Amino acid sequence: MNGPQETEMSQARETTSSRFGFLMLAAGSAIGLGNVWRFPYMAGANGGGLFVLFYLLFLLLLGFPVMCMELAVGRASRRNLYGAFRDLPEKRPSLWRFPAGVAFSGNLILMIMYTTVTGWMLTYFVDFLTGRLAALSTEAELKNQFTSLMNNPGKMSFYMILTVLIGSGICAFGLRRGVERITKILMAGLFVLLSVLSLYALFLPGAGSGMKFYLMPSLPGDTNIFKIAGGAMSQAFFTLSLGIGALEIFGSYTDKKNSLATESILIISCDTLAALLSGILVFAACFSYGIQVDGGPGLVLFSLTGIFNHLPGGRILGSVFFLFLSIAALTTIITVFENLIAFMMDEWHFSRRKAAWVNFLVVGVLSLPCVFGFNIWRHIHPLGTKSTILDFEDWLISDICLPLGSILIVFFCCRDSGWTWKKFLAEVNTGKGLRFPAWLKWYAAVILPVLILYLFGLGIFNRFF
Ligand code: PFF
């Protein structure tokens with residue numbers, strides 16, 4: 001990127017009001033259902049401790065470099081991912097236009113399944129508040145409650161549309177007035193709640209066995225280590241929001257005072273803390289109340305409803321917790337909406353309001369198959385909660401779009417036909433703080449894409465064979 005052009009772009013772009021605001025926005029995007037809903041059920045279905053070990057390893061090996069790259073691309077270009085791929089390479093017209101288009105559709109696919117699950121969290125919040133869940137205690141009762149929600153597409157649609165309305169509505173107010181202000185407050189509240197609840201859960205009877213399952217890696221006889229590793233890799237991408245420009249856009253709103261390796265470490269630490277705390281909560285509850293840990297997507301809903309219903313004041317605690325979960329999901333939705341809206345503003349010159357409206361309609365309508373498909377498919381497919389449209393969309397985003405998008409970003413930063421390693425390094429290391437080591441070039445250019453490609457292949461293999 002040459003000087004005058006960059007100055008012109010930087011001047012036109014809104015920025016976050018502070019470093020804290022930027023970090024909260026990026027952490028708000030990363031921390032969401034992936035930490036509190038997806039992480040515990042993936043860990044539960046994949047043997048607990050070993051999955052967690054792989055997950056931590058991949059956060060470092062894959063998550064950290066890809067996050068640095070996404071943020072650097074955003075900060076240098078002051079554009080959404082699509083515009084950055086077009087504008088950053090020196091050779092014009094750029095070969096890199098199409099892949100960024102893939103990244104844009106990734107945001108859309110994520111949203112059309114994420115809004116449905118966020119709707120479940122809002123439903124549980126309201127049902128706790130109104131006392132509708134109070135009488136449930138056995139595993140069968142708790143699971144039936146979840147199944148009856150799945151069989152009620154009217155209720156699910158209502159909460160899904162409410163979710164889309166809140167997300168697009170907040171984005172309509174703009175970056176500082178809307179997105180940044182709300183996210184800062186919500187994120188702080190979220191951490192306090194999560195810490196207090198998981199500390200409490202540690203003292204439940206049986207919590208010790210839960211922690212052993214969750215934190216001690218072991219190799220039971222029937223373990224498919226490749227499946228566990230594949231699951232952990234896709235979870236690492238999902239939880240950090242990597243591969244489709246969801247973080248890149250916040251790179252485009254930040255200043256150059258701090259090095260991006262430092263910012264990445266801070267974001268990854270917050271995200272990992274949120275996931276680990278949620279795991280403590282869910283597994284302490286499961287072992288304490290005899291709930292199977294491999295319960296799939298409903299795990300967090302029925303395990304925690306169980307915990308709250310055994311507690312004095314559980315109705316209040318339950319509503320507060322599901323409020324927290326809804327908040328975590330909403331902050332992610334807001335930031336992904338922001339990404340879609342920024343694309344429309346940058347590329348199609350839409351006003352913010354118009355872009356928010358268009359997104360409300362498009363995401364609202366495209367989310368309906370997930371809500372209705374879930375319901376219809378359950379009657380056709382004997383496995384019930386497996387192989388629903390939600391499951392398919394989750395696979396499409398986590399195992400296909402995110403790794404594919406991440407490989408493209410890695411190639412873009414390492415290749416001479418792309419942005420080039422030299423320029424990436426100069427950008428990522430601009431500002432105070434930790435340096436991204438230059439000697440990592442071979443790791444980044446060769447080993448990293450091979451590792452990600454492996455995940456990509458594994459995702460396809462595990463699905464079809
Ligand atoms: N990281 C989010 C979560 O953990 O819930 C999910 C997500 C957001 C994935 C944005 C990908 C993305 F681009």
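Atoms within each ligand, like the ligands themselves, are counted from 1 in listed order. Quick caveat: nothing in here was measured; it's all calculated off a predicted structure.
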Practice prompt. Inspect the surroundings of NZ in Lys354 and state if more than 12 heavy atoms from other residues, nucleotides or ligands are less than 6.0 Å away.
Written response: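 Open: at most 12 neighbouring heavy atoms sit under 6.0 Å from NZ of Lys354.
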Test: [X] and [Y] ion pair at under 4.0 Å:
X: Arg79; Y: Glu347; value: no
X: Lys155; Y: Asp127; value: yes
X: Arg352; Y: Glu338; value: yes

Worksheet item: Ser148 side chain to Gln145 main-chain N or O, any donor-acceptor pair under 3.5 Å?
Response: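 Yes: the side chain of Ser148 pairs with the backbone of Gln145.
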Show me the donor-acceptor pairs within less than 3.5 Å that the side chains of residues 360-369 make with the rest of the protein, sequence neighbours left out.
{"unit_1": "Ser367", "atom_1": "OG", "unit_2": "Thr115", "atom_2": "OG1", "d": "2.9"}
{"unit_1": "Ser367", "atom_1": "OG", "unit_2": "Val363", "atom_2": "O", "d": "2.7"}

Worksheet entry | Close residues, ligand 1: non-hydrogen atom nearer than 4.0 Å |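 Shell around ligand 1 (4.0 Å, heavy atoms): Ser29, Ala30, Gly32, Leu33, Gly34, Asn35, Leu110, Tyr114, Phe238, Thr239, Ser241, Ile244, Ala246, Thr332, Val336.
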